[in-house]
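As structure tokens, the structure follows; a few thoughts come after it.
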Amino acid sequence: MAIEKLPSCDDVNEDGLLPVATARAQLAHRIKALKKYERVGVRESLDRVCADPVLSPINVPAYTNSAMDGYAVSASDMPASGERTLPLGGTVWAGRPLQAQLPAGHAVRIMTGGMMPAGTDTVIIQEHVNASETEVTIDGLTPAGRNVRKAGEDILAGEEVIAPGTLLSPAHVGLMASLGVSTLNVVQRPRVAFFSTGDELRALETHAGQTLGDGELFDSNRHTLFAMLARMGVELIDMGLVPDDQDATREAFKQAASCADLIISSGGVSAGAADFVSDTLAEMGDVSFWKLAMRPGRPLAFGQVGDAHFFGLPGNPVAVMVTFYEFVKPALLRLMGATQTEPLTVSAKSHTAIRKSPGRVEYQRGILETAADGQTIVKLTGKQGAGRLSSMCQANCLIVLPPERGEIQAGDIVQVHPFFGLV
Ligand code: AMP
Ligand code: MG
């Protein structure tokens, strides 16, 4: 048997950068589901992860019923050839079963969803009969058992309907309601602390509408992070702005680690004189990886401070979003106990040529659309600069260009990670 080799920081490429695939494998290895659960009502379970198997307490359908509007008979009363007229023993509506025992040799008029009376096993659709108020003339062409939904045909009582690790969607909410399940165990929401670093930053909370001084800019990353995290339904701890200063960074790490399962910072993660995040991580915790073979997002620190996982995202606003979707979101889904954590990959035809040099993964902002001929194509959003959040506003996917790929020609197939999903 092959011995599994754990990905390590030494698996760097010739530029000293860690391949994205190795970083992903490290995350998968390091981040385990929280072992904290809570019981919630079905409506509250939306976007949460199911902790225990949900078993159906009932058969679905609960009783054998008609799949069509027609006449319920016993197959033994159907003629082998020609026609036969049977007396009618009443009408069955959905939710209004026959009250009395149906006499042998009788048929009943039955509506879709109506409970099959004891003694009947086949429904002949109304278009295939001649009927009056009191009798129905049938032929023998409908196979025995046709047009009937048997009790337990879809789900048997006791059967697992939702597996642990399932991220619950509106369909799951409806399914549980259909089974009479009103509460379930889910994994607790991860607590996520986040802050921005940078002396140049001014907070919206204190500086909105004010004129910025030279070299100052509004902190947007904390608000983008807030929005992306809010969508994931995690518990948010907004720690505000942290100046470019070793002591302040240490203090922020300490505070965050005391209350969060995962910490996210933006900025200060390069090797410049004002970048304190990676050094503080190395000093107070441990660094799993730092420099990835990707663009944007090359300086991306990942490690651990106390019991909390830590992501030091780059400062560039687009890089924040790309690294969040590609690394933080799968990590959060892991913490939440989800079994499906990686983004959906879709193939599309590139509308234009895309410049790219081999050696690293590149994420470009794309617009996925259906061309007039029905093919799925992807266009680049205009300017792709790492600071341009407007390009993220236009985009509905990331175009993921793997390390080995060079220039993309118009018409080449590329892979994309869509931002959207139906549920
Ligand atoms: P840094 O990685 O700290 O050198 O940041 C890189 C660049 O990203 C900075 O020069 C800023 O232009 C930008 N930046 C960093 N943090 C933020 C933030 N919180 N909001 C908006 N832009 C930021
Ligand atoms: Mg900075």
Side-chain angles (χ1 to χ4, degrees), residues 16-18 23 192-230 236-253 255-256 260 262-283 287 289-303 310-328 360 362-365 381 383-395:
L17 302 175
L18 190 70
V192 182
F194 57 107
F195 56 89
S196 293
T197 71
D199 286 345
E200 75 279 28
L201 302 176
R202 294 293 170 264
L204 200 58
E205 294 88 334
T206 49
H207 286 69
Q210 295 183 20
T211 310
L212 294 173
D214 287 345
E216 297 178 351
L217 60 119
F218 284 115
D219 167 23
S220 64
N221 289 345
R222 207 160 38 88
H223 301 283
T224 320
L225 280 170
F226 164 85
M228 293 188 293
L229 289 165
L236 299 170
I237 306 159
D238 183 345
M239 296 184 53
L241 294 180
V242 173
D244 291 323
D245 168 273
Q246 183 83 57
D247 288 339
T249 310
R250 256 189 220 122
E251 190 49 37
F253 268 62
Q255 245 189 55
L262 187 130
I263 308 164
I264 306 172
S265 70
S266 75
V269 84
S270 310
D275 295 320
F276 293 101
V277 171
S278 314
D279 287 351
T280 310
L281 180 63
E283 176 196 301
V287 187
F289 56 77
W290 177 32
K291 286 184 192 162
L292 298 188
M294 65 182 277
R295 203 177 82 126
R298 189 176 94 164
L300 166 66
F302 170 69
F310 175 82
F311 280 97
L313 307 187
N316 270 315
V318 171
V320 165
M321 294 194 79
V322 171
T323 50
F324 183 92
Y325 286 137
E326 296 295 319
F327 294 95
V328 184
R360 62 190 173 194
E362 285 196 17
Y363 298 89
Q364 306 262 2
R365 273 72 73 206
T381 60
K383 295 231 168 65
Q384 295 274 324
R388 287 180 175 257
L389 265 187
S390 55
S391 75
M392 282 304 275
C393 293
Q394 291 160 24

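Atoms within a ligand are numbered from 1 in the order they appear, just like the ligands themselves.
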**Item:** side-chain contact (heavy atoms from CB on, under 4.5 Å) between T249 and T197, intermediate numbers included
**Value:** CA-CA 8 Å; T249 310; T197 71; 5.6 Å; no

Which atoms of ligand 1 have any heavy atom of [X] under 4.0 Å away?
| X | value |
| --- | --- |
| S196 | 19 (N) |
| G267 | 2 (O), 3 (O) |
| G268 | 1 (P), 2 (O), 3 (O) |
| F218 | 20 (N), 21 (C) |
| D219 | 18 (C), 19 (N), 20 (N) |
| E200 | 9 (C), 11 (C) |

**Message:** For the CZ atom on R360, are there more than 12 heavy atoms of other groups (residues, nucleotides or ligands in this structure) within a distance under 6.0 Å?
**Reply:**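 Above 12, so yes.
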
**Message:** Are more than 12 heavy atoms, taken from residues, nucleotides or ligands other than F218, located less than 6.0 Å from that residue's CZ atom?
**Reply:**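 Yes, CZ of F218 has more than 12 neighbouring heavy atoms, counting only those of other groups under 6.0 Å.
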
**Message:** Heavy atoms only, cut-off 4.0 Å: how does S220 contact ligand 1, side chain, backbone, both, or neither?
**Reply:**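 It is both backbone and side chain that touch ligand 1.
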
**Request:** Would you mind telling me if ligand 1 is within reach of the side chain of P299, the backbone, both or neither, using heavy atoms under 4.0 Å?
**Result:**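 Neither; nothing of P299 gets under 4.0 Å from ligand 1.
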
**Item:** Any V192 side-chain heavy atom under 4.5 Å of I237 side chain
**Value:**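 No, their side chains stay 4.5 Å or more apart.
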
**Request:** May I ask you to test the V318-S391 pair for a side-chain heavy-atom distance under 4.5 Å?
**Result:**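 Contact flag for V318/S391 side chains = yes.
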
**Item:** W290 side chain vs V269 backbone, donor-acceptor pair below 3.5 Å
**Value:**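 Yes, the answer is positive, given that a donor and an acceptor are paired below the 3.5 Å cut-off.
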
**Request:** Rounded to the nearest 0.5 Å, what's the gap from CG on L241 to OG1 on T206? Could you check?
**Result:**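 L241 CG to T206 OG1: 7.0 Å, rounded to 0.5 Å.
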
Polar-atom distance check: [X] versus ligand 1, any N or O pair below 3.5 Å?
| X | answer |
| --- | --- |
| P314 | no |
| L217 | no |
| R222 | no |

**Prompt:** side-chain contact (heavy atoms from CB on, under 4.5 Å) between M294 and V322: does it pass, once the steps are laid out?
**Reply:** CA-CA 10 Å; M294 65 182 277; V322 171; 4.3 Å; yes

Could you check [atom] against the protein and tell me its nearest heavy-atom contact, residue, atom and distance included?
| atom | result |
| --- | --- |
| atom 17 (C) of ligand 1 | N221 ND2, 3.1 Å |
| atom 7 (C) of ligand 1 | N316 OD1, 4.0 Å |
| atom 4 (O) of ligand 1 | D275 OD1, 4.2 Å |
| atom 13 (C) of ligand 1 | G315 O, 3.6 Å |

**Request:** Determine, stepwise, if the pair L300 / F289 fulfils side-chain contact (heavy atoms from CB on, under 4.5 Å).
**Result:** CA-CA 8 Å; L300 166 66; F289 56 77; 4.3 Å; yes

**Request:** Report the residue from F311, F194, F253, F195 that forms a side-chain contact (heavy atoms from CB on, under 4.5 Å) with I263.
**Result:**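 Considering F311, F194, F253, F195, a side-chain contact (heavy atoms from CB on, under 4.5 Å) with I263 is found only for F195.
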
